[in-house]
Amino acid sequence: MDKRVAVVTGSSSGIGSAIAARLAAEGMRVVINSARSISAGEDLARSLPDAMYVRADVAVPEEARSLITATLEAYGRLDVLVNNAGTTRVIPHDDLAAATPEVWRSILDLNVVGSWQMSVAAVPHLRESDDGCIVNVSSVAGTRPVGSSIPYAVSKAALNHMTRLLAKALGPQIRVNAVAPALTETPWTRDDPFFQDIAEKVRQGTPLRRVGTADDVAEAVLGLLRARHITGAVLPVDGGACLV
């Protein structure tokens, strides 16, 4: 993977930063991105060999396109797009009134439309790679009736189906897959009571008896990039949670 170029959206911290660091360790040139955490993104880019940071809100069409443009101007090519940028709101599933249309729109705009916009902007350039790849970061909430809120779970279900549809539409030049983590320890989830309650259930009730890490997800992304005969897959990264 030496000298291949990857854009990882939402990569200033958490799962995104772990993916960026793992790809850089394989010799890839990585574009770090965030909409708000600018200093963290710049620090991460400085810590990686031949990486750069581009601020862009991928939910905004022109900013999604500008992220791809900046990548091409810097590196002259694009081989991998990792659609990691996402958002949620913690809302009990039975609290229908709290899941307002505004909540729905904010989640769908980033998790679904943002991933779509990035994919559309990237596809012409991924076609020129010898193995252009898109990897979407989804969630087990997209396949099971769980998750931080119903709008979030629905957004990930949509992302899973988008993955399959794009894989069918874009082959053979471009492969499209997704990873679907269960609860993953990040700075955002580590101290949140809601997620800590779920974490204890994961430790007690899943085959591998531990909460996933951002590095676990990064390894799964790398595996899909290496597996040149896999497309349209939604890979659980859940410690066997899908079995119980």
Side-chain angles (χ1 to χ4, degrees), residues 1 4-34 48 51 58 64 67-68 71 77-86 110-143 155-182 184 186 212-238:
M1 294 193 178
R4 290 166 65 83
V5 176
V7 171
V8 185
T9 67
S11 51
S12 60
S13 65
I15 289 173
S17 67
I19 293 170
R22 190 68 186 88
L23 299 187
E26 293 296 313
M28 297 189 73
R29 295 172 286 179
V30 182
V31 178
I32 311 299
N33 158 258
S34 68
L48 301 176
V58 302
L67 176 53
I68 298 300
T71 300
R77 63 184 289 177
L78 178 63
D79 302 278
V80 172
L81 169 64
V82 180
N83 283 314
N84 172 72
L110 183 54
N111 295 7
V112 181
V113 180
S115 296
W116 173 260
Q117 292 175 160
M118 286 299 303
S119 299
V120 170
V123 158
H125 312 288
L126 293 174
R127 289 189 192 279
E128 297 177 7
S129 173
D130 65 345
D131 184 31
C133 293
I134 299 172
V135 180
N136 296 319
V137 178
S138 183
S139 167
V140 294
T143 60
S155 77
K156 293 303 187 177
L159 188 60
N160 289 347
H161 201 46
M162 184 196 300
T163 297
R164 300 182 185 101
L165 291 166
L166 285 176
K168 186 175 180 181
L170 299 179
Q173 296 97 336
I174 300 171
R175 297 188 295 112
V176 187
N177 294 291
V179 292
T184 303
T186 67
T213 67
D215 287 339
D216 292 327
V217 183
E219 285 296 323
V221 170
L222 180 60
L224 287 173
L225 295 180
R226 285 174 165 162
R228 296 179 71 125
H229 202 56
I230 296 178
T231 194
V234 179
L235 177 65
V237 188
D238 65 355

Is a donor on one side and an acceptor on the other found under 3.5 Å between the side chain of Q173 and the backbone of G132?
-> no
Is a side-chain donor or acceptor of D238 paired with a backbone partner of V140 at a separation under 3.5 angstrom?
-> no
Is there a donor-acceptor pair closer than 3.5 Å between any side-chain N or O of K156 and the backbone N or O of V137?
-> yes
Any pair counted as side-chain hydrogen bond (donor to acceptor under 3.5 Å, both in side chains), so long as it reaches residues 224-234, sequence neighbours left out = E26-R226
R22/D215 ion pair, N-O < 4.0 Å | no
Output the distance between atom CG (L78) and atom CZ (R127), rounded to the nearest 0.5 Å.
-> 13.0 Å
Does any non-hydrogen side-chain atom of I32 lie less than 4.5 Å from one of V8?
-> no
Working to the nearest 0.5 Å, report the span between CG of L126 and CG of L170.
-> 8.5 Å
Find out whether R77 and R4 are in side-chain contact, i.e. whether some heavy atom of one side chain is under 4.5 Å from a heavy atom of the other.
-> yes
Please confirm whether the backbone N or O of G10 pairs with a side-chain atom of N33, one donor and one acceptor, at under 3.5 Å?
-> yes
Please answer whether the main-chain N or O of G142 pairs with a side-chain N or O of S139 as donor and acceptor at a distance below 3.5 Å.
-> no
Which pairs would a plain distance check flag for residues 158-167, meaning a side-chain donor or acceptor within less than 3.5 Å of a matching protein atom at least two apart in sequence or in another chain?
| from | atom 1 | to | atom 2 | distance (Å) |
| --- | --- | --- | --- | --- |
| N160 | OD1 | S138 | OG | 2.6 |
| T163 | OG1 | N136 | ND2 | 2.9 |
| T163 | OG1 | L159 | O | 2.9 |

So N83 and S119, side-chain contact (heavy atoms from CB on, under 4.5 Å) or not? Walk me through it.
-> CA-CA 8 Å; N83 283 314; S119 299; 3.3 Å; yes
